[in-house]
2 protein chains.
Amino acid sequence: MGEKITSYMVAKRAGVSQSAVSRVFKPGSSVSEKTARKVRKAAEELGYRPNTLARAMASGRSRIIGLVVAYFENQFYPEAIEKLANTLQANDYHVLMFMSWDETEAPETVINDLLDYQVDGIIAASVGVTDVLTKRCEAAGIPVMLFNRHQNDDKLSAVTSDNFTGGRKLAEFLVRGGHERIAHVAGWDGASTQRDREAGFLSGLAAHGMTLFARSCGNFHRDQAQEAARVLLRAEVRPDAIFVSNDHMAFAVMDVIRSEFKLRIPEDISIVGYDDVAMSEWPCFDLTTVRQPTNRMAEETVRILLQMIENEESLPCRIALDGPLVVRGSARLPVDE
Amino acid sequence: MGEKITSYMVAKRAGVSQSAVSRVFKPGSSVSEKTARKVRKAAEELGYRPNTLARAMASGRSRIIGLVVAYFENQFYPEAIEKLANTLQANDYHVLMFMSWDETEAPETVINDLLDYQVDGIIAASVGVTDVLTKRCEAAGIPVMLFNRHQNDDKLSAVTSDNFTGGRKLAEFLVRGGHERIAHVAGWDGASTQRDREAGFLSGLAAHGMTLFARSCGNFHRDQAQEAARVLLRAEVRPDAIFVSNDHMAFAVMDVIRSEFKLRIPEDISIVGYDDVAMSEWPCFDLTTVRQPTNRMAEETVRILLQMIENEESLPCRIALDGPLVVRGSARLPVDE
DNA sequence: TCATTTTTTGCATGCGCAGTCAAAATGTCA
DNA sequence: TGACATTTTGACTGCGCATGCAAAAAATGA
């Protein structure tokens, strides 16, 4: 069974010092082509691979990024995580996953785990935890990136899409579609995405002298979103359009509308969402929504994080990437075009 | 900024040796309650936390499990991963994610990464890679668990649901529902899940003197599944029921049936799937399917893996957990009940 | 050619902790 | 109280590699 091959063994076989071996495997070190060849040959013959953990110990860099997640239920997150992991992998970093169970559970535990593993940086793509987390990490000198959320603390870097503008685009679109009673199924108010999207949406309505016809909260959860939809639809006068704060909840709302209230979309009521997850395109939903540019968000997140890791005192920065309105069939189209 | 607190510092402050500190933080070591108290007090005051990496170096165990994944597109996997990660976390292990990009890309890279990180064990929940991977890991003495798949190599441990029986249940159900032209949209033939499900299904049909009316392959991908459905539906004589190899593809097939062929489910054609992912329950799909007991699968996977890690020579074992047929509205019901 | 600069090399040390071993402390029993 | 068994403790070493430093080798110039 596999006896561990160390750099010493390679060194001996190649007739050089252990340091030489170490240098050959560390890009950017000063080694002559001659020794490099000898070392690589010996390493190959022995099947040597540098031990990442030992490397981490010696150098103080683990090349591990802690990824704090929850809420896999919403397809947006698996998609995003996949892209984050891939992008990091392409940069020779890896992802250590930390599930933050339910949002109430002591985030302390997660944070401690995170710090114990000496992660080089953290990407927080989960709600709630962030306040406590960021403080502790700052104290420990570990860079933190917020993904798809931001906080008021401006020492924190964050990458989001431009949720305000996105919300505004949706409002414009619904107004131009001639809707007169526009309602909103909101997500959790503690999330910046919710607040920004709603603010943008309201400002879009206001620009046309309109206000929200009704509002109900779904907290980003499917069942609560369904309940919120029922409330709106049971009212004396129904809305003729609903902006649901993310696609995941929009699907829930659509189900209630069609199977419980036997209404047609968009003939009886228009629905728009936010995120443009893969499912939004499926014919059964065909959801008009705003696309979050997940690829670019992941790339930017990784870029900034690595920069903070390598460049001690790079300033925190917040990026909001623009995402297009994706017009499909779940909302009545503007007539003027 | 955070100067690292080491066990030495704690030792000094508590007036004991570094070994003592180490012992206090290692469960099951012999320390007197008195020194333990002193150490804990000092540790608390200093904010000490053991360095997991150093621990890994010294002990040879990283408490990291490599999770090889792909195909997040299918909701089953995010769900499973969430449960695996949680279960591992509850056992003081953590998950290092390795995305195996597309299936063709050199799995070598992934495997090397995996070994470099000195993972204590590996869970493979991704197709394709497994053959090469398992060989290398065996050579390196790292236990491997296959999740939701198995291989002929009986030195490998695997946890699946009982796909054969599941397939059989579905066949029984469709036959009893009076279907006469039963077709199958298959997944990738290289996957054991596909082969087992189909074999079970065929055996179920055979038990009633029936055979498959038609077969078409979707390779577990949405677009290919749609194409497969089109082939079946364009035929002179259409099937009156389709068993789609997993829910993910079933949704694709349903979309084609309804939006392209304007047929009703289940009045014109019955659909059954496999997995019982969360979406199957949504009213717009309401899919009759076989549930994979994800929770128990995750628990068993972790249990066996940890056993292999801790108990050098525990024998490889294969487990197939039974999953119930979940009857919903996407397939005509048997009349006899 | 020799003196000087530049590159390459090996030595030695440390990262933070776990675990071995022998010494010290504590406990037990007569 | 002494002799012995048992528990607790500290000194020390090693895990596998990176890196500062000084010595050696190679390259450069006059």
Side-chain angles (χ1 to χ4, degrees), chain A residues 2-40 42-43 46-64 92 115-120 140-141 310, chain B residues 2-40 42-43 46-64 92 115-120 140-141 310:
Chain A
E3 341 108 62
K4 307 257 179 191
I5 311 295
T6 74
S7 54
Y8 277 102
M9 304 181 190
V10 177
K12 184 172 298 171
R13 182 175 247 264
V16 298
S17 74
Q18 180 267 328
S19 329
V21 178
S22 170
R23 287 192 184 102
V24 170
F25 284 90
K26 170 125 203 285
S29 306
S30 125
V31 225
S32 71
E33 190 46 45
K34 201 179 65 182
T35 48
R37 245 201 312 278
K38 282 194 295 186
V39 167
R40 269 196 282 269
L46 261 45
Y48 168 76
R49 312 230 77 229
N51 178 328
T52 309
L53 260 39
R55 232 170 183 168
M57 271 246 65
S59 69
R61 301 224 159 290
S62 61
R63 301 197 80 80
I64 294 180
D92 251 313
L115 298 178
D116 292 355
Y117 269 102
Q118 312 293 113
V119 295
D120 286 346
E310 277 146 31
Chain B
E3 342 108 61
K4 305 258 180 190
I5 311 295
T6 74
S7 54
Y8 277 103
M9 303 182 190
V10 178
K12 185 172 297 171
R13 182 176 247 265
V16 298
S17 74
Q18 179 267 327
S19 325
V21 177
S22 170
R23 288 191 186 101
V24 170
F25 284 90
K26 170 122 204 288
S29 307
S30 125
V31 225
S32 70
E33 191 45 46
K34 202 178 66 183
T35 48
R37 245 200 312 277
K38 282 194 295 186
V39 168
R40 269 194 281 270
L46 261 45
Y48 169 75
R49 312 231 75 226
N51 178 329
T52 309
L53 260 40
R55 235 171 183 169
M57 270 246 66
S59 68
R61 315 232 84 115
S62 61
R63 300 198 81 81
I64 295 179
D92 250 315
L115 298 177
D116 292 355
Y117 269 103
Q118 312 292 111
V119 295
D120 286 346
E310 277 146 31

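For the numbers below, each heavy atom of this structure counts, side chains included, while hydrogens, waters and symmetry mates do not. Quick caveat, the model's predicted, so the values are computed rather than measured. Numbered from 1 within each chain, the chains take letters A, B, ... in sequence-line order.
Between atom CZ of residue Arg61(A) and atom CD of residue Glu310(A) there is a gap of 7.5 Å, rounded to the nearest 0.5 Å. For the atom pair CG of Asn51(A) and CG of Asp116(B), the computed distance is 8.0 Å after rounding to the nearest 0.5 Å. Rounding to the nearest 0.5 angstrom, the gap separating the OG1 atom in Thr52(B) from the CZ atom in Arg63(B) is 9.5 Å. Residue Arg55(B) holds its CZ atom at 10.0 Å from OH of Tyr117(A), rounded to the nearest 0.5 Å.
Residue Arg23(A) places a side-chain atom within donor-acceptor reach of the base of dG10(C), judged by atom type and a 3.5 Å distance cut-off alone.
Look at Ser32(A) and you won't find any side-chain N or O under 4.0 angstrom from OP1 or OP2 of dT8(C). The shortest distance between the side-chain N/O atoms of Ser7(A) and the OP1/OP2 oxygens of dC17(D) is below 4.0 Å. The shortest distance between the side-chain N/O atoms of Ser17(B) and the OP1/OP2 oxygens of dG10(D) is below 4.0 Å.
Annotation: of the two residues near DNA chain C, Ser30(A) and Arg49(B), the 5′-most nearest-nucleotide partner is Ser30(A). Ranked by how close their nearest DNA chain D nucleotide is to the 5' end, Lys26(A) and Lys34(A) are led by Lys26(A). For Ala20(B) and Ala54(B), each mapped to the nucleotide of DNA chain D holding its nearest heavy atom, the one lying further toward the 5' end belongs to Ala20(B).
The side-chain hydrogen bond (donor to acceptor under 3.5 Å, both in side chains) contacts involving residues 9-19 of chain A comprise Ser7(A)-Gln18(A), Arg13(A)-Glu45(A), where partners must be two or more places apart or lie in separate chains.
In this structure, Met57(A) atom CE and dG14(D) atom P are separated by 17 Å, rounded to whole Å. Look at NZ on Lys12(B): it is 12 Å from P on dA11(D), rounded to the nearest Å. Atom OH in Tyr117(B) sits about 15 Å away from atom C1' in dC17(D), given to the nearest Å. One interatomic measurement links the two molecules: CZ of Phe25(B) to P of dC17(C), which rounds to 9 Å at whole-angstrom precision. The nearest whole Å value for the distance from the CE atom in Met9(A) to the C1' atom in dC15(D) is 12 Å. Look at CZ on Arg55(B): it is 15 Å from C1' on dC15(D), rounded to the nearest Å. What separates CG of Asp116(B) from C1' of dG16(D) is a distance of 13 Å, to the nearest Å. What separates CZ of Arg63(A) from C1' of dA18(D) is a distance of 14 Å, to the nearest Å.
Residue Tyr8(B) is in base contact, counting any heavy-atom pair closer than 4.0 Å across all strands shown. Residue-level contact check: Ser19(A) touches the bases, meaning some heavy atom is under 4.0 Å from a base atom. Val21(B) comes within 4.0 angstrom of nothing in the nucleic acid, heavy atoms only.
Ranking dT9(D), dA18(D), dC17(D) by closeness to the Thr6(A) side chain, first place goes to dC17(D). Closest to the Ser22(B) side chain, of the nucleotides dC15(D), dT9(D), dC17(C), is dC17(C). In this structure, of dA18(C), dG16(C), dT9(C), it is dA18(C) that holds the atom nearest to the side chain of Gln18(B).
Shortest non-hydrogen contact noted between Tyr48(B) and Thr6(B) is CE1-C, 3.6 Å.
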